[in-house]
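Please read the structure below before turning to the comments.
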Amino acid sequence: MLEIKESFYHRAIIIQVDFPKKRKEFSSMDAFAEFKGLVLSSGANISHEEIFKQTKPISGLFISKGRVERIKILAEETHSDLIIFNHDLSPSQERNLENIFQKRVLDRTGLILDIFSVRASSHVGKLQVELAQLSHLSTRLVRGWSHLERQKGGIGLRGPGETQLETDRRLLNHRIKSIKKRLDKTHKQRAVNRYSRKKSSQALVALVGYTNAGKTTLFNLLTQSQIYADDKLFATLDSITRKNSILGLDDILFSDTVGFISDLPTQLIESFKATLDELKAADVLIHVIDISDPDFLFKSEQVIKILEDLGLSSIPQIKVYNKCDKIELNVKRNLAKKSNDEVWISALRNQGINELVSSIHFHRQKNIMRQWIELEPDQGKIRSKLYSLDRVVEETTNEVGLIKLLLEIDEKELNSLVSHNDIRLVSNKKKISIADF
Ligand SMILES: Nc1nc2c(ncn2[C@@H]2O[C@H](COP(=O)(O)OP(=O)(O)OP(=O)(O)O)[C@@H](O)[C@H]2O)c(=O)[nH]1
Ligand SMILES: [Mg+2]
C-alpha cells in the first residue's frame with residue numbers, strides 16, 4: 001500500500017512518437033489513449049503529454065537532440081521526475097536519455113512490468129513478475145546509474161529494482177536461476193493437479209481476452225465470486241480457478257487470467273509461461289471482447305495472435321461480445337445469437353448468460369462412443385498410440401494374431417483414425433453419454 005501512495009508523487013512527462021506506416025488499424029490517438037491508461041494504472045500523474053511525428057527512431061537517443069533538449073526544459077518547468085515512452089528503448093538509449101534529463105526514463109516494457117509488480121499478490125505471481133523484471137534489468141545493469149541511485153523506490157524501481165541496483169550481474173543471474181527453480185517446482189505441482197482434474201473429468205473453461213474486456217466481471221458472475229474487477233488496465237494478475245455455481249454448469253471449473261495487450265513484453269510472456277501453459281488444459285476458451293470499444297477488432301486480433309503464439313488455437317473457442325449494455329439499440333437488433341461460437345452479453349447487467357451457458361454446453365459435448373476395431377499384427381504403433389491416449393477399454397487377440405480393441409472414443413476422432421489408417425470397424429457403433437463415465 002505504501003508503495004502505491006508513494007507513487008502518487010510521481011509527475012510524468014509521457015511521450016509517443018508516430019512513425020510512418022505503423023499500424024493503420026490501431027490509430028495513433030487510440031494507442032495514446034491506451035498508453036495514458038497504462039500510466040494512470042501505474043499511479044503516476046501526467047504532467048505533460050508529447051505526441052509527435054518522426055521519420056524513424058534515432059539510434060543513440062531514440063528522438064532527435066532538439067526534442068530531447070525541449071523535453072529537458074519541460075521536465076524542469078513542470079517539476080516532473082519521470083519521463084515515460086510508449087516505445088521500447090534499447091538499454092543504451094535509456095541510459096543516454098537519463099544522463100541528459102537527470103531523471104528516470106521508463107520505456108513501455110518497464111511501465112507494464114511496474115504495473116504488474118504492484119498488482120501481483122500471490123506467491124507465484126510475485127515470483128513471475130520478479131523474474132520478468134530481473135530479465136529486463138539484466139540487460140540494463142551497467143555502470144551509469146549512480147546519478148539516479150538516490151531516487152530509490154517508486155515507479156520503475158518497485159519490486160526488485162532498488163536492491164538489485166547495488167548488486168552485480170553475477171548475483172542477478174543467481175537470483176534469476178533460483179526463481180526459475182522455484183517456479184519450476186510449483187509448475188510441476190500444478191501439472192499434477194491438472195492430471196487429477198482430467199482423471200475426474202471436470203471440465204475447465206478459461207476466460208481470456210484483452211485487458212479491461214470484462215473477464216473478471218464475467219468470472220464473478222459465473223462463480224458467484226467477488227474478485228477485484230476495475231476500470232483499470234491489468235486489474236487481474238493472478239490466475240484463479242473456481243467451480244461454477246450456476247445451475248447446470250456445476251461440474252465446470254472456470255479460470256480467470258491476466259489480460260493481454262498489444263506488444264506484450266516478451267519477458268512477461270516468458271515468465272508467465274507456466275501460468276499461461278495451464279490454458280492448454282482448458283476444454284473451452286471464452287474470448288471476452290469489449291464490443292463497446294471502437295478498437296475491439298484490432299484488440300481481438302491481438303488476442304488471437306497471442307493465443308496462436310501460445311499454441312492454444314486448437315482449443316474450442318467461444319467469442320463473447322461483452323458490454324452490450326453500452327451499445328446502441330439498432331446495433332443490438334442484430335445481436336441475436338447467431339451460432340454457438342458467438343454470444344452477446346452484458347456481464348455487468350447479467351444479460352445473455354443463459355445463451356452463454358448453452359454455448360458452453362454445446363462445446364463441451366463430445367460424441368463419445370464405444371467401438372470395436374480390428375488391427376493387423378503390423379499395426380502395433382496404432383495400438384500403442386491408442387493406449388497412450390487412454391482410449392482402449394478391452395483387447396482380444398485371435399489365433400492368427402489379429403488384434404481386436406474396444407475403444408471409448410470421440411466420434412470425430414474415430415472417423416479421422418479410420419480415414420487415415422487401414423482399420424476395420426467391427427459390430428455397431430454405440431453412442432454413450434458423458435454421464436456413463
Ligand atoms: N458497462 C459495462 N461495463 C462492464 C461490463 N463488464 C465489465 N465492465 C466494466 O469494465 C471494467 C473492467 O472489467 P474487469 O472485469 O476488471 O475486466 P478484465 O477483463 O478482468 O480486466 P483486466 O483484469 O484488467 O485484464 C470494470 O469497470 C467493469 O465494471 C459490462 O457488461 N458492461
Ligand atoms: Mg480481470
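Remember, it's 1-based here, ligands and their atoms both numbered in the order they're listed. What you see below is based on every heavy atom in this structure, not just the backbone, and it leaves out hydrogens, waters and symmetry mates.
- Ligand 1 has no nitrogen or oxygen under 3.5 angstrom from a nitrogen or oxygen of Arg349.
- For ligand 1, the atoms closer than 4.0 angstrom to any heavy atom of Phe234 are 24 (O).
- With respect to atom 29 (O) of ligand 1, the closest heavy atom belonging to the protein is Leu348 CD1, 3.7 Å.
- Every atom of ligand 1 is numbered from 1 in the order shown, and the set under 4.0 Å from a heavy atom of Ala229 is 14 (P), 15 (O), 16 (O).
- Results of the side chain to side chain contact (heavy atoms under 4.5 Å, CB included) test with Lys319 over Ile286, Ile304, Val303, Val288 single out Ile304 as the only residue that passes.
- Ranking protein heavy atoms by distance to atom 20 (O) of ligand 1, first place goes to Thr216 OG1, 2.8 Å.
- At least one heavy atom of Lys232 sits less than 4.0 Å from an atom of ligand 1.
- For atom 16 (O) of ligand 1, the nearest non-hydrogen atom of the protein is Asp230 N, 3.1 Å.
- Taking distance alone, with nitrogen or oxygen atoms compared against 3.5 Å, Ser346 approaches ligand 1 more closely than that limit.
- When atom types are taken as modelled, the side chain of Glu98 and the backbone of Val105 share a donor-acceptor pair closer than 3.5 angstrom.
- For the side chain to side chain contact (heavy atoms under 4.5 Å, CB included) with Ser41, the lone residue among Asp230, Leu233, Val118, Asp114 that qualifies is Leu233.
- On a distance-only criterion, Lys326 and ligand 1 share no N/O pair closer than 3.5 Å.
- Near Thr211, the atoms of ligand 1 lying under 4.0 angstrom from a non-hydrogen atom of the residue are 22 (P), 24 (O), 25 (O).
- Listed by atom number, the atoms of ligand 1 under 4.0 Å from Gly259 heavy atoms are 25 (O).
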Just do the side chain to side chain donor-acceptor pair (under 3.5 Å) check on Tyr210 and Glu301 with the steps written out, would you? CA-CA 10 Å; Tyr210 211 81; Glu301 276 163 14; over 6 Å; no
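- Closest to atom 21 (O) of ligand 1, if we only count protein heavy atoms, is Asn212 N, 3.0 Å.
- At least one heavy atom of Ala213 sits less than 4.0 Å from an atom of ligand 1.
- Taking each heavy atom of Ala347 and Thr217 in turn, the nearest pair found is CB-CG2, 3.9 Å.
- Annotation: side chain of Val68 is in contact with side chain of Ile63 (closest heavy-atom distance under 4.5 Å).
- Between atom 31 (O) of ligand 1 and the options Ala235, Gly352, Ala347, Gly214, the minimum heavy-atom separation is to Ala347.
- In this structure, Arg67 forms a cation-pi arrangement with Phe52, its terminal cationic atom sitting closer than 6.0 Å to the ring centre and no more than 45° off the ring axis.
- Of the protein's non-hydrogen atoms, the one nearest atom 19 (O) of ligand 1 is Lys215 NZ, 2.7 Å.
- Considering only non-hydrogen protein atoms, atom 27 (O) of ligand 1 sits nearest to Asp231 N, 3.2 Å.
- With hydrogens left out, the protein atom closest to atom 8 (N) of ligand 1 is Lys323 CE, 3.6 Å, a heavy atom.
- In this structure, the separation between CG on Leu113 and NE2 on His136 is 6.0 Å, given to the nearest 0.5 Å.
- Ion pairing between Arg182 and Glu130 fails under the 4.0 Å rule for side-chain N and carboxylate O.
- Residue Tyr228: no N/O/S atom is found under 2.8 Å from the Mg ion (ligand 2).
- Two residues are said to be in side-chain contact when any heavy atoms from C-beta on lie closer than 4.5 Å; Leu61 and Gln93 fail this criterion.
- Inter-residue side-chain proximity for Ile179 and Ile176 is flagged as unmet; no heavy-atom pair is nearer than 4.5 Å.
- When non-hydrogen atoms are compared, ligand 1 lies under 4.0 Å from the side chain of Asn322 (C-beta onward) but not from its backbone.
- Between the Mg ion (ligand 2) and Thr216 there is an N/O/S contact shorter than 2.8 Å.
- Given atom 15 (O) of ligand 1, the protein heavy atom at minimum distance is Thr217 OG1, 2.5 Å.
- For a threshold of 3.5 Å applied to N or O pairs, the pair formed by Val258 and ligand 1 contains no separation below that value.
- A salt bridge does not link Glu77 with Lys72: every distance from a Lys NZ or Arg NE/NH1/NH2 to an Asp or Glu carboxylate oxygen is 4.0 Å or more.
- Inter-residue side-chain proximity for Phe85 and Leu97 is flagged as met; some heavy-atom pair is nearer than 4.5 Å.
- Under 4.0 Å is where a charged nitrogen must lie from a carboxylate oxygen, and between Asp290 and Lys323 at least one such pair does.
- Heavy-atom contacts of Thr236 reach the following atoms of ligand 1: 20 (O), 22 (P), 23 (O), 24 (O) (cutoff under 4.0 Å).
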